[in-house]
Protein chains: 2
Amino acid sequence: MVLDERKRYILESIIKDYVETAEPVGSRSIVRKHGLNISAATVRNEMADLEDMGYLEQPHTSAGRIPSEMGFRYYVDCMMEKESLTDEEVEILGKKLQESIREWNDVAQGIGDFLSQVSNYASFIIIPSIKYSHFKYLHLVPIQEGQALVLVVTDVGLIMHRRIDIPRGISPEDLQAISEVFNRVCKGKKIMELRRSELQILRDDLKKRQQVIDRALEAVDNLLDNTADEKVLISGALNILKEPEFKDLDKLKRILTLLEEDGLFKGIIPDNISQDVDILIGKENQSEDIQEMSLVFTGYRTAGEMGKMGLIGPIRMEYWKAAGTLDSVRTIIEDLLHNRF
Amino acid sequence: MVLDERKRYILESIIKDYVETAEPVGSRSIVRKHGLNISAATVRNEMADLEDMGYLEQPHTSAGRIPSEMGFRYYVDCMMEKESLTDEEVEILGKKLQESIREWNDVAQGIGDFLSQVSNYASFIIIPSIKYSHFKYLHLVPIQEGQALVLVVTDVGLIMHRRIDIPRGISPEDLQAISEVFNRVCKGKKIMELRRSELQILRDDLKKRQQVIDRALEAVDNLLDNTADEKVLISGALNILKEPEFKDLDKLKRILTLLEEDGLFKGIIPDNISQDVDILIGKENQSEDIQEMSLVFTGYRTAGEMGKMGLIGPIRMEYWKAAGTLDSVRTIIEDLLHNRF
DNA sequence: ATTAGCACTCAATCGATGTGAGTGCTAACA
DNA sequence: TGTTAGCACTCACATCGATTGAGTGCTAAT
């Protein structure tokens, strides 16, 4: 559907005003605020047209208009210009990342915090499952008599550990030797292939140290069970308290619960995701739970796998800023991942 | 102040009713619900007395009475019987703990979750700073050419790690040797004494491996900076959404923010804390931010240090259940800590 | 095609009124 | 002297109608 210049301008004005104030926008206030040299009556006619076409709606007869979800969709598809991070904001993020040169988990948390602070919406960032990353290194470290640490390192530099009990009398050299066997067998395998059953071969190989290997295998199993899933980090959930549309306690409760309970959240993010910024407005969301919210999200590439991140806000959302921010942040962190890890 | 039997019974009735319903309690409903064989008028006289003494108050002239903070205090001090966990609940906790035989951090999180679920209030659990625990073991583990892992183990079994860059040409044997020097010098020191300046001695000792030691020292510094403070875990913050006293959005926002932002929370928990269950009701709290809430908390002993945990709810709180729960959980986790770590 | 003018709509606000749960006081009673 | 029935009084809360005002749609003039 093609709109003429003036209709586009009016639609945009209404969207900007409505996003800012959360109030229906009237014809008078448009001419006043946006310096049009046509009369309110003309605007009214145009608005009536836009409503017929489905881009606007009226809460009730004597109120102004608000953009419909379709109106937002049109704006996002045909008119929006993404607003990237300012230099200042980029600098802030840079500093934040420099402070935490630590594990990627921490970095991700930092990025999530940044996203929610700069946008004033709730942010999420999903770290891809380690299942598909590659095993690099296993080390058995003696901790004290009777205990050792199983240390697993992956190719993206993720480090996981578990403590195990070992029989007395196993020397550090024994542990070293066992580690070496592990590494020989597992080199380059995918993490998800380190399953116990497939490593039984080791056990048969080295009868004598059977018990240590058994324990180590258990630890690896355990690590996989507990960390293999993708990880969801939410930041700034309380930002939604700022939005007037959630002054209703029940709504608020539903949404906060959705954001706080790990399990619930995963369901609302689409599976197939690209490196473009994608937008789902209100009922466009598959999951009913967030059909009164909008989702702006993108994928980021990390060592072969695809992570996801995005922002969650009201339908009346600053899509231009949200989309621009995500664009900027994605390129920044992909650079970072490429250079640092 | 001593109250006669009947006044005590009436006070208790009012507290139980008010905690349950959050509504002012009238004289009629007391005789009705609690099967007293005196008339409402008599109860009214008693209530007037209790109000004069400060144990009750009236929101307005024509409403029923609600317990004052002083009334709750009297109840807690002189009448309350703690209600321990049921056998069922103990079993649930046991199962939960068995599932997570992992790090103490995870166990603590599990306990926090349990507390908030079983009580329907927000829970907190504070893991004491590792500053005062003792260094047990340091290990430098080669990860790949040019990188090593600094592994620090404390006497309570906490394991921390940081990755460092090392010059090419350092062999695993070199790392082993350096580790041994570290361990010799640091054995039995408190973690907070592992500060860089005090370990310079190492550096002078081994000119040749200077750079590795430098990096390792940096890593240790870094670990201390980032993990040395006590750690606060909050669970079930959203439980406060259930309480009618927080239907006011502003209040709600203040309190949720307090619970979600790490820094803010520490200020509201008293410093000196014993292994008894302690209760702070409303304005008894030092911190203004939670003077419209109550705090029920206790200390737990872990390897020499004192951790803290507790529940946060409205003034109209089920103190008996909260206090009993904390009592039970404390003994359970002290057993656990004693046996397992 | 645009605009001024005007009647119309309807949410929101305000005030008056009624209702009811609960109290305090008094006088009678055991 | 403690207890109780009776009754007038208070006050939050709900309900109803009137008023207000921002905004619309329609019509007729430009």
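A, B, ... follow the sequence lines: proteins, then strands. Residue 1 opens every chain.
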For A:G64 and for B:T42, locate the closest nucleotide of DNA chain D by heavy-atom distance; then report the residue assigned to the nucleotide nearer the 5' terminus.
->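 The answer here is B:T42.
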
So which one's nearest nucleotide on DNA chain D is more toward 5', B:E46 or B:T61?
->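 Nearer the 5' end of the strand: B:E46.
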
Rounded distance in Å - [atom1] ([X]) to [atom2] ([N]):
X	N	atom1	atom2	result
B:D52	C:dC25	CG	P	10 Å
B:E23	D:dA12	CD	C1'	12 Å
B:R28	D:dC7	CZ	C1'	15 Å
B:N37	D:dG2	CG	P	18 Å
B:N45	C:dT26	CG	P	12 Å
A:I66	D:dG23	CD1	P	14 Å
A:D17	D:dG23	CG	P	11 Å
A:D49	C:dA1	CG	P	12 Å

Identify which nucleotide among [options] has an atom closest to any side-chain atom of [X], counting heavy atoms from C-beta outward.
X	options	answer
A:R44	D:dC26, D:dA5, D:dA12	D:dC26
A:E51	D:dG25, C:dT23, D:dC11	D:dG25
B:Q58	C:dG24, D:dT24, D:dA22	C:dG24
A:R6	C:dT2, C:dG24, D:dT3	C:dT2
A:I38	D:dT10, C:dT3, D:dT4	C:dT3
A:H60	C:dA11, D:dA12, D:dT24	C:dA11
B:A41	C:dG24, C:dT3, D:dT4	D:dT4
B:A48	D:dT24, C:dG24, C:dT3	C:dG24

Side-chain donor or acceptor of A:E284 paired with backbone N/O of A:I281 under 3.5 Å |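 Yes: the side chain of A:E284 pairs with the backbone of A:I281.
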
Heavy-atom side-chain proximity of B:L311 to B:Y319 below 4.5 angstrom |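 Side-chain contact under 4.5 Å: no.
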
Answer yes or no: is there a side-chain heavy-atom contact under 4.5 Å between B:V19 and B:M317?
->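 No, too far: nothing below the 4.5 Å cut-off.
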
In terms of side-chain geometry, is the basic nitrogen of B:R65 or B:E57 positioned less than 4.0 Å from the acidic oxygen of its partner?
->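 Salt bridge: no.
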
Is it true that A:E245 and A:K251 make a salt bridge, defined as a side-chain N closer than 4.0 Å to a carboxylate O?
->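 So A:E245 does not pair with A:K251 through a salt bridge.
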
For the side chain of B:S39 and the base of D:dT4, is some donor closer than 3.5 Å to an acceptor across the two?
->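 Under the 3.5 Å cut-off, the side chain and the base do not form any donor-acceptor pair.
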
Do A:S328 and A:T325 have side-chain atoms, one donor and one acceptor, less than 3.5 Å apart?
->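 No, because no side-chain N or O of A:S328 sits under 3.5 Å from a partner of the opposite role on A:T325.
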
Using a 4.0 Å heavy-atom cut-off across all strands, classify A:S29 as base, sugar-phosphate, or nothing.
->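 Since no nucleic acid heavy atom lies under 4.0 Å of A:S29, the category is nothing.
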
Quick one: is B:R65 getting a side-chain N or O under 4.0 Å of the C:dG24 phosphate, OP1 or OP2?
->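 Checking B:R65 against C:dG24: at least one side-chain N or O falls below 4.0 Å of OP1 or OP2.
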
